[in-house]
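In what follows, a single structure is set out as structure tokens and then discussed.
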Amino acid sequence: MTDLQAILDGIHTELSPRIGEGKVADYIPELAKVDPKQFGMAIATVDGDVYSVGDAAIPFSIQSISKVFMLTLALGKVGESLWKRVGREPSGSTFNSIVQLEREEGIPRNPFINAGAIAVSDVVLAGHEPREAIGELLRFVRYVADDETISIDDRVARSETQTGFRNFALANFMRAYGNIHHPVEHVLGVYFHQCALSMSCQQLAKAGLYLAARGSNPITGHSVVSPKRARRINALMLTCGHYDGSGDFAYHVGLPGKSGVGGGILAVAPGIGSIAVWSPGLNKVGNSQLGAVALEMLAARTGWSVFGD
Ligand code: GLU
């Protein structure tokens, strides 16, 4: 039996001298204030155990990791027809790029770059007021994590609303192509609030369990999506979850994963468990620098890569 606690403790000890590496996202003023010297990691297994180390109980801004939950909701709402509005290919460009959108006539490459996620938020918004769509997401995340204390950090949402000029540009651009159906301020209101979800590594690891366990939370028995849908969301995370660092993450870690500019990464070991890591300093492509290293160490020590040990 692998001693997961010992593995986490070992990773933490080895990385301790490096904690603080990377650069916190400073284009969102509220995130620029976060102390980079933090590191937490948690594993929730399909057997119901939770292991953690470091700052794993401290809530942080999950940012783009929320795109996984919003995608799950949108697929539940409109099913496969979602793919008429968003592609499923790695983008190979930065997370907030507008160039590709013009060439591809307003259809974003995948649901995990900003443009794609904004289109997905527009889908979830259909038939709702923005407040209701945000409430739906919050209820969903609390349900999958089985934790009613999860909340949204309004200061982060406000900070992004005041400074998210590129996201306004992306949304307006897609609206011009007819790929955004609601007022841009409403869609971005939903998008900025989803990004401002505040969760700890422990909460996030538990929230990702349905992706590790064929669509159901094995602890609560809550059925979330079908096994086929869980498999497909994992496939998208593997190929598109780290912007233009997705290939590198697959190469080094070999697990479906989704990163956020708050410094978190959610990774899935299908059939085994869900892992969350947080360290606010980012690398050049906007993924948690130490988070990726920690996951590489974990995958090497457990043999959990989906490509074999
Ligand atoms: N809220 C961020 C933005 O839209 C999300 C980016 C990320 O986490 O990668 O810029």
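The first residue of the sequence shown is numbered 1, and numbering continues consecutively from there.
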Any chance you could lay out the side chain to side chain contact (heavy atoms under 4.5 Å, CB included) test for Leu197 and Ile65, step after step, and finish with the verdict?
CA-CA 9 Å; Leu197 265 168; Ile65 300 170; over 6 Å; no

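For the residue pair Lys206/Asn217, the side-chain donor-acceptor check at 3.5 Å is not satisfied. Side-chain contact of Gln63 with Ser61: a donor-acceptor pair under 3.5 Å is present, judged by distance alone. Side-chain contact annotation: Asp55 with Gln38, donor-acceptor N/O pair under 3.5 Å absent. Looking only at atom types and distance, the side chain of Gln203 has a donor-acceptor partner in the side chain of Thr149 under 3.5 Å away. Under 3.5 Å, the side chains of Lys67 and Ser64 contain a donor-acceptor pair of N or O atoms. In the model, Asn114 has a side-chain atom that pairs as donor or acceptor with a side-chain atom of Asn167 under 3.5 Å.
Interatomic distance, OG of Ser121 versus NE2 of His182, reported as 11.5 Å (0.5 Å rounding). Taken to the nearest 0.5 Å, the CZ atom of Arg109 stands 4.0 Å off from the CD atom of Glu104. Atom CD of Glu30 and atom CZ of Arg158 lie 8.5 Å apart (nearest 0.5 Å). Distance check, rounded to the nearest 0.5 Å: CG of Leu266 to CG of Leu211 gives 7.0 Å.
Residue Glu89 places its CD atom among 12 or fewer non-hydrogen atoms of other residues, nucleotides or ligands, all under 6.0 Å distant. In the displayed structure, Asp35 atom CG is contacted under 6.0 Å by more than 12 heavy atoms of other residues, nucleotides or ligands.
Ring geometry for Phe140 versus Tyr143: interplanar angle of 30 to 60°, hence tilted.
The shortest distance between side-chain heavy atoms of Ile113 and Ser97 does not fall below 4.5 Å.
A continuous path of hydrophobic side-chain contacts links Phe69 to Val225 [ILVMFWY only; heavy atoms under 4.5 Å].
Figure legend: cation-pi geometry between Lys258 and Tyr243, with NZ or CZ positioned under 6.0 Å from the six-membered ring centre and within 45° of its axis.
In this structure, Glu136 has no salt bridge (charged side-chain N to carboxylate O under 4.0 Å, His left out) partners at least two apart in sequence or on a different chain. Shown here are the side chain to side chain donor-acceptor pair (under 3.5 Å) partners of Asp26, two or more places apart in sequence or in another chain: Lys23.
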